[in-house]
Amino acid sequence: MLSNKRIQELELVMEFEKVEECFKEVSSWIENVGRKRLKETINLDDSLEMLLQAQKQFKEFDLVASEYCKRGQEALKKMNQWEDFSFVDVHSYRVKLQTYEDQLEEFCTQLDETRHRVCETVRLYEFFDKVRQAICCTEEGIKS
């Protein structure tokens, strides 16, 4: 039984190393690209035209970022089986895994919030643009 337990532990450690490579790649992208791009969308431009351009650029970024989030979440699912094991030796791996999970969750949440904010800002600017056009048309009609 002890031998089987050690074999299972070694298999989990080997699997963790594969998953950790994926997480290192995802984590590196989040830190070096993802967070910087999210910060760039904090200050959205004041014109509808510039805002639509920013939205287009964000959508392109969002596709890539969502793929990284998906890859990280799939790797986490692979490690869910660790919950069934109570090995003392895998504690340090669980701590690393929790760190990766926290980072991924925080980034994915920020991505969702930014996606929503960009979409709502565009909708608001489009609404104000329609109101402005209606006012201009009304003013021209009154002057005529």
Quiz item: Between atom CZ of F61 and atom OG1 of T114, what is the distance when rounded to the nearest 0.5 Å?
Solution: 8.0 Å
Quiz item: If you round to the nearest 0.5 Å, how far is CG of L38 from CZ of R115?
Solution: 10.0 Å
Practice problem: With sequence neighbours left out, write down each residue that passes side chain to side chain donor-acceptor pair (under 3.5 Å) with Q98, or none if nothing qualifies. | Solution: D102
Quiz prompt | Contact check, side chains of L76 and L97, non-hydrogen atoms, under 4.5 Å | solution = yes
Self-check item: Stepwise salt bridge (Lys or Arg N to Asp or Glu O under 4.0 Å) check, R37 with E40
Solution: CA-CA 5 Å; R37 291 290 304 271; E40 290 172 5; 3.5 Å; yes
Self-check item: Heavy-atom side-chain contact between K59 and Q55 under 4.5 Å
Solution: yes
Quiz item: Considering residues at least two apart in sequence or located in another chain, which fulfil the side-chain contact (heavy atoms from CB on, under 4.5 Å) criterion with L10?
Solution: none
Quiz prompt | Same cluster (ILVMFWY, side-chain, under 4.5 Å), L48 and V131 | solution = no
Practice problem: Find the distance between CZ (F16) and NZ (K78) and round it off to the nearest 0.5 Å. | Solution: 13.5 Å
Exercise. Please examine the side chains of E113 and T109, heavy atoms only from C-beta on, and report whether any two atoms are closer than 4.5 Å.
Key: yes
Could you pull out every donor-acceptor pair under 3.5 Å between side chains of residues 63-70 and any protein atom, sequence neighbours left out?
unit_1, atom_1, unit_2, atom_2, d
S66, OG, D62, O, 2.8
S66, OG, D62, OD1, 3.2

List the atom pairs, with distances to 0.1 Å, where a side-chain N or O of residues 25-36 and a protein N or O form a donor-acceptor pair under 3.5 Å, not counting sequence neighbours.
unit_1, atom_1, unit_2, atom_2, d
E25, OE1, R71, NH2, 3.1
E25, OE2, R71, NH1, 3.2
E25, OE2, R71, NH2, 3.0
S27, OG, Q103, OE1, 2.8
S27, OG, Q103, NE2, 3.1
S28, OG, N32, ND2, 3.0
E31, OE2, R35, NE, 2.9
E31, OE2, R35, NH2, 3.4
E31, OE2, Q103, NE2, 2.8
N32, ND2, S28, O, 3.1
R35, NH1, Q110, OE1, 3.3

Quiz item: Hey, is E20 close enough to K96 for a salt bridge, meaning N to O under 4.0 Å?
Solution: yes
Quiz item: Is there side-chain contact between Q73 and C108, with at least one heavy-atom pair below 4.5 Å?
Solution: yes
Quiz item: Roughly how far, to the nearest 0.5 Å, is the NZ atom of K56 from the CD atom of E60?
Solution: 6.0 Å
Quiz item: Which atoms form the tightest heavy-atom contact between Y100 and K24, and what is the distance?
Solution: OH-CG, 3.7 Å
Exercise. List for me each residue that meets side chain to side chain donor-acceptor pair (under 3.5 Å) alongside E120, sequence neighbours excluded, and say none if there are none.
Key: R123
Quiz prompt | Listed once per pair and sorted, the side chain to side chain donor-acceptor pair (under 3.5 Å) pairs that draw on residues 126-135, sequence neighbours left out | solution = D129-R132, D129-Q133
Exercise. Report whether V122 and L124 are members of the same hydrophobic cluster (ILVMFWY, side-chain heavy atoms less than 4.5 Å apart, transitive linking).
Key: no
